[in-house]
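First up is the structure itself, then whatever we jot down about it.
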Amino acid sequence: MGHHYLLPDISRPGRIGCSLPRLDVPPSELPSEELLRQELNLPELSEVDVVRYFIALSKLNYGVDTGFYPLGSCTMKYNPRLHEDIAQLPGFASIHPYQPVESVQGALQLMFELQQYLAEITGMNATSLAPMAGAQGELASILLVKAYHHARGDRLRKKILVPDSSHGTNPATAAMCGFEVGTVSSNNEGNVDLNSLESMMNEEAAAVTLTIPNTLGLFDPQIAEISRLVHERGGLLCGDGANLNSLLGKAKFGDLGIDCVQVNLHKTFSTPHGGGGPGSGPICVKGNLAQFLPSPLVIKNDKEYTFTIPLKSIGRLGASYGNFGVMVKAYAYIRTLGAEGLKEVSENAVLNANYLKEKLKAYYHLPYDRTCMHEVVFSGKKQKAKGVKTLDIAKRLLDYGFHPPTIYFPLVVSEAIMTEPTETESKETLDAYIDAMKEIAREADENPEILHTAPHNTPVRRLDEVKAARQLDLRWRMGKHH
Ligand SMILES: Cc1ncc(COP(=O)(O)O)c(C=O)c1O
């Protein structure tokens with residue numbers, strides 16, 4: 001591929017890309033020399049140069065719209081465009097958070113009904129739509145745990161217990177809220193080790209947080225038992241329901257004995273995940289915790305929908321009401337698919353992950369050989385024994401035109417390859433990915449060098465990973481080629 005995307009190469013002094021309207025005001029003098037920036041060395045281009053430059057850049061990008069994107073834990077599924085259109089309707093997109101409630105009754109009705117749908121789907125009694133990301137929903141959960149214990153006069157509970165197979169945000173959130181984090185071990189099957197939990201769940205433990213399904217992509221069949229143990233000892237059981245796309249219509253967190261759970265609308269209910277875009281992580285709780293929910297909630301009184309602040313609310317999580325556009329898309333998704341359609345979402349998510357598992361387990365080590373949920377975790381252990389790292393496998397996938405899965409996470413699996421095909425991919429796409437993975441396994445046996453030096457076909461070859469993470473520099477500067 002040529003380097004035509006490097007802007008400085010095509011800048012020519014005096015070339016202009018726009019025509020300004022004729023001056024219709026009196027000309028004014030420029031400020032004096034010393035007030036003018038001299039170093040602002042902007043490229044000079046024609047319009048066609050600019051268009052080609054940005055189109056070339058856009059073609060370098062990889063996204064859900066261009067190909068299979070099996071990042072585990074991240075649910076990079078395709079989301080219907082229709083819902084983007086709906087979220088952009090002026091009645092949704094052009095309203096202001098501080099408009100009088102009587103002028104935004106439709107928007108409030110949507111929020112009210114979404115609160116109810118999410119409570120129904122999760123088997124809970126009340127929902128707050130305030131959190132603006134999954135991690136912020138977790139923050140709300142842990143603040144709520146604190147408020148609950150303090151309201152009971154119990155200030156001794158200073159620990160949150162988190163299994164070692166949990167999502168990284170779970171211990172991070174607990175620590176952010178001033179709790180100590182106790183790590184509960186997993187057993188050989190990838191479930192919580194009940195003995196480990198039993199020994200840690202004491203009067204110092206405020207709550208246990210379970211990622212459901214856990215980051216091994218597995219459903220722990222002991223959740224009801226865990227719930228009994230935690231509650232008997234005075235704690236609360238929080239769920240991380242970010243990956244609800246694996247459970248929709250099949251299992252309800254409330255029925256499993258969970259007290260509060262956050263769900264990621266931007267992974268399950270239409271809205272692309274990733275790229276730092278807007279998210280939404282509503283928190284759903286059992287009745288006894290509703291009084292602590294983050295504000296505001298939408299309620300319906302005799303004549304209208306309006307906002308309310310729960311009695312002992314942990315407060316606001318942002319300036320207004322959360323990410324409303326994401327709520328609209330989630331509402332549209334739920335209403336479009338209906339109860340039966342939502343069930344199919346999780347059936348397909350689970351079916352696709354198990355299909356990959358069965359087709360690839362002869363080629364890659366499968367640490368937990370049991371039915372998985374929406375994602376499957378392999379280990380690159382076999383290939384590592386031949387000197388091929390999981391990173392090499394991921395880089396080689398780029399040559400085959402695929403975005404790699406998540407690697408080196410979860411931490412409890414060495415050389416982890418965590419693959420989430422998502423529910424929106426066809427059998428043909430999955431088969432093409434399976435073929436590429438098989439080919440890479442063959443290369444690892446026969447021609448490992450090609451993996452060590454991959455990727456070969458991408459505009460940028462292998463990056464210095466540490467530098468890319470620590471010294472990220474995405475700013476273009478004249479004369480500085482990246
Ligand atoms: C299990 C789990 N918990 C929490 C999060 C964090 O969500 P967010 O990125 O919206 O903060 C994710 C992210 O995908 C996740 O997979």
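For reference, positions follow the sequence shown, starting with 1. Counting starts at 1 for both ligands and their atoms, in listed order.
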Pair [X] + [Y], salt bridge at N-O below 4.0 Å:
{"X": "Lys252", "Y": "Glu120", "value": "yes"}
{"X": "Lys427", "Y": "Asp431", "value": "yes"}
{"X": "Asp392", "Y": "Arg462", "value": "yes"}
{"X": "Arg396", "Y": "Asp399", "value": "yes"}

If the cut-off is 4.0 Å to any non-hydrogen atom of [X], which atoms of ligand 1 fall inside it?
{"X": "Thr211", "value": "1 (C)"}
{"X": "Asn243", "value": "1 (C), 16 (O)"}
{"X": "Ala135", "value": "6 (C), 7 (O), 8 (P), 11 (O)"}
{"X": "Ala133", "value": "10 (O), 11 (O)"}

Side chain, backbone, both or neither: the part of [X] lying under 4.0 Å from ligand 1 by heavy atom:
{"X": "Asn264", "result": "side chain"}
{"X": "Lys267", "result": "side chain"}
{"X": "Ala242", "result": "side chain"}

Below the 3.5 angstrom mark, is there an N/O of [X], backbone or side chain, next to an N/O of ligand 1?
{"X": "Asp240", "result": "yes"}
{"X": "His266", "result": "yes"}
{"X": "Asn170", "result": "no"}

Review point. Under a heavy-atom criterion of less than 4.0 Å, does Glu138 contact ligand 1?
Key: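 Glu138 counts as a contact of ligand 1 under the 4.0 Å cut-off.
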Review point. Could a heavy atom of Gly281 be found less than 4.0 Å from some atom of ligand 1?
Key: no
Review point. If we only count heavy atoms from C-beta on, is the Thr268 to Val345 side-chain gap below 4.5 Å?
Key: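 Side chain of Thr268 against side chain of Val345, heavy atoms only: no contact under 4.5 Å found.
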Check your understanding: Tell me: protein heavy atom nearest atom 5 (C) of ligand 1, and distance?
Key -> His167 CE1, 3.5 Å
Review point. Is the Phe112 ring parallel, tilted or perpendicular to the Tyr305 ring (thresholds 30°, 60°)?
Key: tilted
Check your understanding: Any idea how Tyr62 and His403 line up, ring-wise: parallel (<30°), tilted (30 to 60°), or perpendicular (>60°)?
Key ->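 Tilted, since the angle between the ring planes falls between 30° and 60°.
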Review point. Taking the six-membered ring of Phe179, is NZ or CZ of Lys146 closer than 6.0 Å to its centre and within 45° of its axis?
Key: yes
Check your understanding: Are more than 12 heavy atoms from other residues, nucleotides or ligands located less than 6.0 Å from atom NZ of Lys59?
Key -> no
